[in-house]
Peer 1: 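First the structure, which I've put down as structure tokens, then a few questions once you've had a look.
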Protein chains: 2
Amino acid sequence: MFSKTCEYAIRAVLFIAQKSEDGSKVGIREIAKGIDSPEHFIAKILQDLSRKGLVQSQKGPSGGFYLDKTSLHATLADVVRVVDGDKIFSGCALGLKQCSEIKPCPLHHEFKKIREDILRFLQSAKLGEFNRQLEQDLFFLKR
Amino acid sequence: MFSKTCEYAIRAVLFIAQKSEDGSKVGIREIAKGIDSPEHFIAKILQDLSRKGLVQSQKGPSGGFYLDKTSLHATLADVVRVVDGDKIFSGCALGLKQCSEIKPCPLHHEFKKIREDILRFLQSAKLGEFNRQLEQDLFFLKR
DNA sequence: ATAAAAAAGGATAAAAAAGTCTTTTATATT
DNA sequence: AATATAAAAGACTTTTTTATCCTTTTTTAT
């Protein structure tokens, strides 16, 4: 469904969201542990998200990654789009380039609904909105 | 969503379904052209589907691939499962191994519904049931 | 029998994705 | 100002996926 990169990205961003609710920053090492991902790999992914403005970072001692007000209101759809592009939202299930309403593949109509459901959910899900459940161990980001 | 291999597999199988409704067989070359796929690659994929019994084949002059009665009643879900396994039906959206009802990732509950929708559709879609629309150019398998 | 047609199979190549390592740059603290 | 810390950057390696090529085997029609 998502690329591995995107899976890690979402997990990392939700982890950071939780940690940065009270304004604190969190380092790569802690993130990697917190979401059980390869340290260098998630570092690279976060660099990218940072360049694109979806997470914030500060170098140096007591630095780390965090989400500002704006980023806390970004959605999972924003993250997915930045990492995987929007083929998941608009691509053809059978890989046809010109698949569309007027030239549909056999799965087009059904998958249109499904893709809309996915988009609807991801667009409605703000990065900051899982903090409570994560805090209370109702949701998990590793294993 | 699906691997490229699986996309080709589905397209090929639907193409063969259409051609073999009247009992005729179709060669690799024609299949590759019919679904606009690399010839050698789709050959490989069909070998695999053939070994697993989802398509039938006959060697020699006037041979080719076809679907018998049973295969015409197989479903898209069968094809997907054979090619991609069932991670699309049961895997965690965030790649967690132990994600489940009692230890869910933040996307679990929403994606459960989505995966069920996908499975419901793929399981209900018999390979032979698109023939009419393909014949009438209401559905397409290439470009 | 034989030639032609077609799938089966094995080996390899190319491309993309995933993951690792090392160096550089910024900055907070001392 | 010096130092230690932490992210940024980029090069590199490995693994997986996608694709190609070539030989062998099987089957059918002549």
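So that the names make sense, note that chain A is the first sequence line, chain B the second, and so on, each numbered from 1.
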Peer 1: F2(A) has an atom CZ; how far is it from atom P of dA17(C), in whole Å?
Peer 2: 16 Å

Peer 1: Using whole Å, report how far NZ of K59(B) lies from P of dT27(D).
Peer 2: 6 Å

Peer 1: Please report, rounded to the nearest Å, how far the P atom of dA7(D) is from the CD atom of Q56(A).
Peer 2: 14 Å

Peer 1: Using Watson-Crick or G-U wobble geometry with both distances under 3.5 Å, which nucleotide pairs with dA29(D)?
Peer 2: dT2(C)

Peer 1: Between G60(A) and P38(A), which is nearer to the 5' end of DNA chain C once each is assigned its nearest nucleotide?
Peer 2: P38(A)

Peer 1: Respond yes when some side-chain nitrogen or oxygen of T5(B) is under 4.0 Å from OP1 or OP2 of dT18(D), and no when none is.
Peer 2: yes

Peer 1: Test the K142(B)-F140(B) pair against the cation-pi criterion, namely NZ or CZ under 6.0 angstrom from the six-membered ring centroid and within 45° of the ring axis.
Peer 2: no

Peer 1: May I ask you to say what R29(A) touches in the nucleic acid, namely base, sugar-phosphate or nothing, with a heavy-atom cut-off under 4.0 Å?
Peer 2: nothing

Peer 1: So, do F2(B) and L107(A) sit near enough that their side-chain heavy atoms are less than 4.5 Å apart?
Peer 2: yes

Peer 1: Are the side chain of R143(B) and the backbone of D36(B) linked by a donor-acceptor contact shorter than 3.5 Å?
Peer 2: no

Peer 1: In whole angstroms, how far is the C1' atom of dA7(C) from the CG atom of L54(B)?
Peer 2: 17 Å

Peer 1: Taking atom C1' of dA7(D) as reference, at what distance in whole Å does atom CD1 of I45(A) sit?
Peer 2: 15 Å

Peer 1: Closer than 4.0 Å, any side-chain N/O of Y8(A) to the OP1 or OP2 of dA18(C)?
Peer 2: no

Peer 1: Closest approach to the side chain of S62(A), judged atom by atom: which nucleotide of dA8(D), dT29(C), dA6(C) is it?
Peer 2: dT29(C)

Peer 1: With a 4.0 Å cut-off on N to O distance, would you call K113(B) and D117(B) a salt bridge?
Peer 2: no

Peer 1: Under 4.0 Å, heavy atoms only, any strand: does L46(B) hit a base, just the sugar-phosphate, or nothing?
Peer 2: nothing

Peer 1: Taking atom types as they are modelled, is there a donor-acceptor pair under 3.5 Å from the base of dA7(D) to the side chain of Q47(A)?
Peer 2: no

Peer 1: For DNA chain C, whose closest nucleotide is more 5', that of C6(A) or that of P61(A)?
Peer 2: C6(A)

Peer 1: Quick one: look up who dA11(D) pairs with, Watson-Crick or G-U, both distances under 3.5 Å, and put none if it's unpaired.
Peer 2: dT20(C)

Peer 1: Is R51(B) close enough to dA7(C) that one of its side-chain N or O atoms is under 4.0 Å from OP1 or OP2 there?
Peer 2: no

Peer 1: Send over the distance from I28(A) CD1 to dT20(C) P, rounded to a whole Å.
Peer 2: 14 Å

Peer 1: Could you state the CG-P distance from D84(A) to dA18(C), rounded to the nearest angstrom?
Peer 2: 8 Å

Peer 1: Taking C-beta and beyond as the side chain, do F139(B) and L14(B) meet within less than 4.5 Å on heavy atoms?
Peer 2: no

Peer 1: Expressed in angstrom and rounded to an integer, what is the separation of K87(B) atom NZ from dT16(D) atom C1'?
Peer 2: 12 Å

Peer 1: Spell out yes or no: do the side chain of K4(A) and the base of dG19(C) have one donor N/O and one acceptor N/O closer than 3.5 Å?
Peer 2: no

Peer 1: Name the nucleic acid region contacted by Q58(A), choosing base, sugar-phosphate or nothing; use a 4.0 angstrom heavy-atom cut-off, strictly under.
Peer 2: sugar-phosphate

Peer 1: Would one find a side-chain N or O of S57(B) under 4.0 angstrom from OP1 or OP2 of dA8(C)?
Peer 2: yes

Peer 1: By nearest nucleotide on DNA chain D, pick out whichever of H40(A) and G63(A) is the more 5' one.
Peer 2: G63(A)

Peer 1: Can a side chain N or O of S50(B) be found less than 4.0 Å away from OP1 or OP2 on dA8(C)?
Peer 2: yes

Peer 1: Sequence neighbours left out, what passes side chain to side chain contact (heavy atoms under 4.5 Å, CB included) with S124(A)? Give chain and number order.
Peer 2: F121(A)

Peer 1: Of the options dA7(D), dT29(C), dT20(D), whose atoms approach the side-chain atoms of K44(B) most closely?
Peer 2: dT20(D)

Peer 1: Contact class for V26(B) vs. all strands (heavy atom < 4.0 Å): base, sugar-phosphate, or nothing?
Peer 2: sugar-phosphate

